[in-house]
Every structure is written in C-alpha cells, then in structure tokens.
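These notes are about the structure you will find just below.
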Amino acid sequence: MTFSSCLVEQSPPLVLDASVIINLLATGHAGVILQTLPGRSYVTENVVSEINGGAGSGRPESKQLIELIERRSLEVVDLDELALDSFIGIVSGSASESLGDGEAATLAFAHHRGLVAAIDERKATRIAAERFTSLRIATTVDILAYPSVRRALGQEKLSTAVFDALRLARMQVWATQCDWVVEQIGVANLMLCPSLR
C-alpha cells in the first residue's frame with residue numbers, strides 16, 4: 001500500500017513537538033515547510049524550553065527556533081487551565097504511562113484546541129490514543145509528504161530534506177512510511193541513516 005500524508009488542505013493547524021521541530025530544522029527548509037502547512041503552526045512554551053535546554057551543549061536548534069518564532073513561522077502558546085489539567089495527568093504516573101513535559105504539553109494543547117499534534121514518538125502516540133481518542137496525530141514524515149510541502153520544495157530539495165532529517169536528526173519512520181522514505185532517499189543511502197537501521 002502506498003503511503004500518503006494524513007494532512008490535507010482542510011486539516012486543522014499543527015502543534016509541533018520538539019522532535020518534529022528538530023527534524024524540520026535539520027532539513028534546512030523549516031521556514032518554507034511551516035509556511036506551507038495548513039493554518040499557523042504552534043509550539044508550546046514547554047517545547048521551547050526543552051529545545052533551549054540543548055543550547056548549552058552546543059546544539060544549534062535553539063537559535064534556529066528563535067528565528068522561526070521571530071519571523072512568525074511558529075507561534076508560541078501557553079496551556080490554559082483545561083489543557084494544564086490534561087498535561088498534569090500525562091506527566092504523572094509510572095514511566096511507561098507518562099511523558100516528558102514537551103510531549104505532554106503538545107498533546108494537551110492540541111487536544112483542547114482541536115488541532116493536530118505533530119509528534120513522532122510511538123509511546124506518545126500510544127498514550128494519546130488511549131487518553132484522547134479524537135486527537136489527530138501527524139508525524140514529521142506526514143509533514144514532508146504533505147502535497148503542498150512537496151510542491152513547494154520540489155523533488156530534489158524534498159529528497160535532500162528527507163535524507164538530512166534522517167541523517168542529522170535521526171527522524172523516526174513508521175513501518176507504513178518506509179517505502180515512501182526509501183523512494184525519496186534511495187536504497188544506497190539507507191545505511192547512512194541511523195534511525196532506519
């Protein structure tokens with residue numbers, strides 16, 4: 001079965017988790033990609049703090065994220081009272097049933113605003129399905145495979161973007177997305193992508 005993005009032009013706007021932002025930044029085309037997505041994209045304060053925490057170890061994503069926010073490619077949001085209650089429920093509990101602050105905030109905000117949570121981690125996706133049955137989830141691959149993003153980048157830039165997200169940011173790929181990803185990067189590049197091994 002051929003993979004196609006879960007995103008369409010009528011999709012609600014996205015709330016991006018840290019891993020998705022890091023993947024998009026690794027493509028070198030994050031600004032173009034975000035401008036092409038349905039509506040304005042959001043990032044929670046928790047995710048901004050999480051990414052800023054990596055600045056001390058010399059990671060470049062913090063500066064790049066600030067630039068996206070300043071250019072209004074991303075809007076930073078706080079959790080309201082309802083979302084905060086959900087957030088607390090998600091970060092509490094055993095390790096197998098709880099998430100970190102950034103993932104929890106992304107899911108809680110998206111759920112209470114009727115938006116799409118852009119998140120790659122399987123555990124977060126499982127917990128979202130258990131707690132928020134109506135919440136829509138998209139992955140980085142869904143974003144890159146979104147037809148408007150594909151048109152905006154063109155095939156050559158798209159292939160490089162997918163390869164860089166895999167090689168530089170270790171983008172996660174679900175089994176249903178593998179064939180599409182291989183089509184973009186070519187079989188010869190598989191061994192250069194640690195997250196695909």
Is it the case that one hydrophobic cluster holds both [X] and [Y], taking links as side-chain heavy atoms less than 4.5 Å apart, direct or via other members?
| X | Y | answer |
| --- | --- | --- |
| L79 | L82 | no |
| L153 | W180 | yes |
| L158 | V182 | yes |
| F87 | L115 | yes |
| V181 | L190 | yes |

Can you tell me how far apart [atom1] ([X]) and [atom2] ([Y]) are? Round to the nearest 0.5 Å.
| X | Y | atom1 | atom2 | result |
| --- | --- | --- | --- | --- |
| F109 | T44 | CZ | OG1 | 8.5 Å |
| L168 | C193 | CG | SG | 9.5 Å |
| S62 | E67 | OG | CD | 10.0 Å |
| S5 | D142 | OG | CG | 4.5 Å |
| E50 | N46 | CD | CG | 8.5 Å |

Start with the C-alpha gap between L7 and L14, add the side-chain angles, then the distance that decides, and say whether side chain to side chain contact (heavy atoms under 4.5 Å, CB included) holds.
-> CA-CA 10 Å; L7 299 173; L14 278 69; 4.0 Å; yes
Compare all side-chain heavy atoms of [X] with those of [Y] and state whether any distance is below 4.5 angstrom.
| X | Y | result |
| --- | --- | --- |
| I51 | V43 | no |
| F3 | V141 | yes |
| I69 | V48 | yes |

Sequence-distant partners of [X], side chain to side chain donor-acceptor pair (under 3.5 Å), two or more places apart:
| X | value |
| --- | --- |
| R122 | Q172 |
| E75 | R40 |
| Q177 | T139 |
| S4 | none |

Is it the case that more than 12 heavy atoms not belonging to Q155 sit under 6.0 Å from its CD atom?
->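 Check passes, neighbour count above 12.
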More than 12 heavy atoms of other residues, nucleotides or ligands under 6.0 Å from CD of E156: is that the case?
->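 Atom CD in E156 is not packed in, count stays at 12 or less.
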Co-members of the apolar cluster containing I90 [side chain, <4.5 Å] |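 Besides I90, the cluster holds L99, L107, I119, I127, F132, L135, I137.
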Check whether [X] reaches the backbone of [Y] with its side chain - one donor and one acceptor, N or O, closer than 3.5 Å.
| X | Y | value |
| --- | --- | --- |
| T27 | A165 | no |
| D120 | T140 | yes |
| R136 | C6 | yes |
| S11 | V8 | yes |
| S159 | Q184 | yes |

For [X] and [Y], which heavy atoms make the closest approach, and how far apart are they?
| X | Y | result |
| --- | --- | --- |
| A118 | V20 | O-CG2, 3.3 Å |
| V47 | G102 | CG2-O, 3.6 Å |
| L24 | L34 | CD1-CD2, 4.2 Å |
| I21 | L65 | CG2-CD1, 4.1 Å |
| P12 | G114 | CB-O, 3.6 Å |
| M171 | L166 | O-CD2, 3.5 Å |

Using the side chain to side chain contact (heavy atoms under 4.5 Å, CB included) rule, take S98 and V91 through it: C-alpha gap first, then chi angles, then the decisive distance, then the call.
-> CA-CA 5 Å; S98 62; V91 296; 5.6 Å; no
Electrostatic pair R126-E121, nearest N-O below 4.0 angstrom |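 No, R126 and E121 are not salt-bridged.
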Provide the full list of ring pair (Phe, Tyr, Trp, His ring centres under 6.0 Å) pairs with a residue in residues 142-174, sequence neighbours left out, each pair given once.
->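 As it turns out, there is no ring pair (Phe, Tyr, Trp, His ring centres under 6.0 Å) pair with a partner in residues 142-174 once direct neighbours are skipped.
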Pairs in or reaching into residues 5-50: which pass ring pair (Phe, Tyr, Trp, His ring centres under 6.0 Å), with residues at least two apart or in two chains?
->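 For residues 5-50, and leaving out neighbouring residues, there are no ring pair (Phe, Tyr, Trp, His ring centres under 6.0 Å) pairs at all.
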By salt bridge (Lys or Arg N to Asp or Glu O under 4.0 Å) - contacts of R167 (at least two apart) =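 Here the qualifying residues are D164.
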Partner residues of K123 under the salt bridge (Lys or Arg N to Asp or Glu O under 4.0 Å) criterion, sequence neighbours left out |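 K123: no salt bridge (Lys or Arg N to Asp or Glu O under 4.0 Å) contacts found.
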Which side chain to side chain donor-acceptor pair (under 3.5 Å) pairs, counting each pair once, include a residue from residues 103-115, with sequence neighbours left out?
->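 Found S86-H112.
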With sequence neighbours excluded, give me every salt bridge (Lys or Arg N to Asp or Glu O under 4.0 Å) pair touching residues 143-155.
->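 Salt bridge (Lys or Arg N to Asp or Glu O under 4.0 Å) check on residues 143-155 returns no pairs.
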What salt bridge (Lys or Arg N to Asp or Glu O under 4.0 Å) pairs are there with at least one residue in residues 14-37, not counting sequence neighbours?
->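 Non-adjacent pairs meeting salt bridge (Lys or Arg N to Asp or Glu O under 4.0 Å): zero.
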